Amino acid sequence: GQNIDQPTEMTATEGAIVQINCTYQTSGFNGLFWYQQHAGEAPTFLSYNVLDGLEEKGRFSSFLSRSKGYSYLLLKELQMKDSASYLCAVRPRAAGNKLTFGGGTRVLVKP
Amino acid sequence: GAVVSQHPSWVICKSGTSVKIECRSLDFQATTMFWYRQFPKQSLMLMATSNEGSKATYEQGVEKDKFLINHASLTLSTLTVTSAHPEDSSFYICSARPTGALGEQYFGPGTRLTVT
């Protein structure tokens, strides 16, 4: 089976940096995704990592280490609108295109 | 691009009735669509994988006779909740993977179902 762990909640100040960690254990690996979800809305795609290393996209960056089963999402220059849940999802190799989601990390940005 | 719509966005129904939710990929074709359910403050739980032209694949613990899925075209999948009960009240979200794509799925805006 799959096991995906991420912190439940994090609080940060506007303008600061927050790093959301995600660890996973899967039978085979075929990519890791990060999604942002505001309350009552559907998730929106943020990033996709399949190879080790850092992928940067504006204020958001995502890192992957396959050997450690570890990823993080880095949010820089935090804005109030970044208050949301951030979901880590893994696509196991044997599961085709199915995604398994972690429990999500609720990030609260304070002024 | 890559827009997915769902209809209705919210629905209230009486216990024992059936509700149909539509998921459409508006600007791409999707051989595969996924249906998720999300309870308050919880993460997404995959219910089933919908494949165009074939039977859906259900996750363990999901009753296929209660949650009927039809994927009749490359842009439309429907989920019908039959004989709905209050415990079926939830946020139902679909996603679609563009045909031939290796990457991300695109999510619809979700449908909030309340069964009274």
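Atom set for the values below is all heavy atoms of this structure, side chains included, hydrogens, waters and symmetry mates excluded. Note that the structure is a prediction, hence the values are computed from the model and not measured.
The main-chain N or O of A:N49 is never found under 3.5 Å from a side-chain atom of A:E55 such that the two would form a donor-acceptor pair.
The two residues A:A42 and B:I93 come nearest to each other via the heavy atoms CB-CG2, 4.1 Å. Here the closest heavy-atom approach between residue A:Y86 and residue A:Q6 is recorded as O-NE2, 2.9 Å. Of all the heavy atoms in A:L74 and A:I17, the pair that sits closest is CD1-CG2, 3.6 Å. The shortest non-hydrogen separation linking A:Y35 to B:Q105 is OH-O, 3.1 Å.
Ion pair B:E22/B:R24 flagged as a salt bridge, since at least one NZ, NE, NH1 or NH2 atom sits closer than 4.0 Å to an Asp/Glu carboxylate oxygen.
Among the candidates A:Q36, A:H38, A:R59, the single residue satisfying the side-chain hydrogen bond (donor to acceptor under 3.5 Å, both in side chains) test with A:D82 is A:R59.
Identified by a heavy-atom distance below 4.5 Å to chain A, the contributing residues of residues 42-54 of chain B are B:S43, B:L44, B:L46, B:T49, in residue-number order. Within residues 55-62 of chain B, the residues approaching chain A closer than 4.5 Å by heavy atoms are, in numerical order, B:E59. Within residues 109-116 of chain B, the residues that have a heavy atom under 4.5 Å from a heavy atom of chain A are B:P109, B:G110, B:R112, listed by number.
Here the OG atom belonging to A:S61 is positioned 5.0 Å from the CG atom belonging to A:L54, to the nearest 0.5 angstrom.
Contact of the A:E9 side chain with the A:L108 side chain is not registered, since no non-hydrogen atoms from C-beta on lie closer than 4.5 Å. Counting heavy atoms from C-beta outward, B:C23 and B:V4 have side chains that approach closer than 4.5 Å. Side-chain atoms of A:I4 and A:F101, non-hydrogen and from C-beta on, never get closer than 4.5 Å to each other. Looking only at side-chain heavy atoms (C-beta outward), A:W34 and A:C88 come within less than 4.5 Å of each other.
Between chain B and the options A:G104, A:P43, A:G103, the largest number of non-hydrogen pairs under 4.5 Å is found for A:P43.
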Which side-chain N or O atoms in residues 28-35 of chain B pair as donor and acceptor under 3.5 Å with protein atoms at least two apart or in another chain?
from  : atom 1 : to    : atom 2 : distance (Å)
B:T31 : OG1    : B:T99 : OG1    : 2.7
B:W35 : NE1    : B:S77 : OG     : 3.0

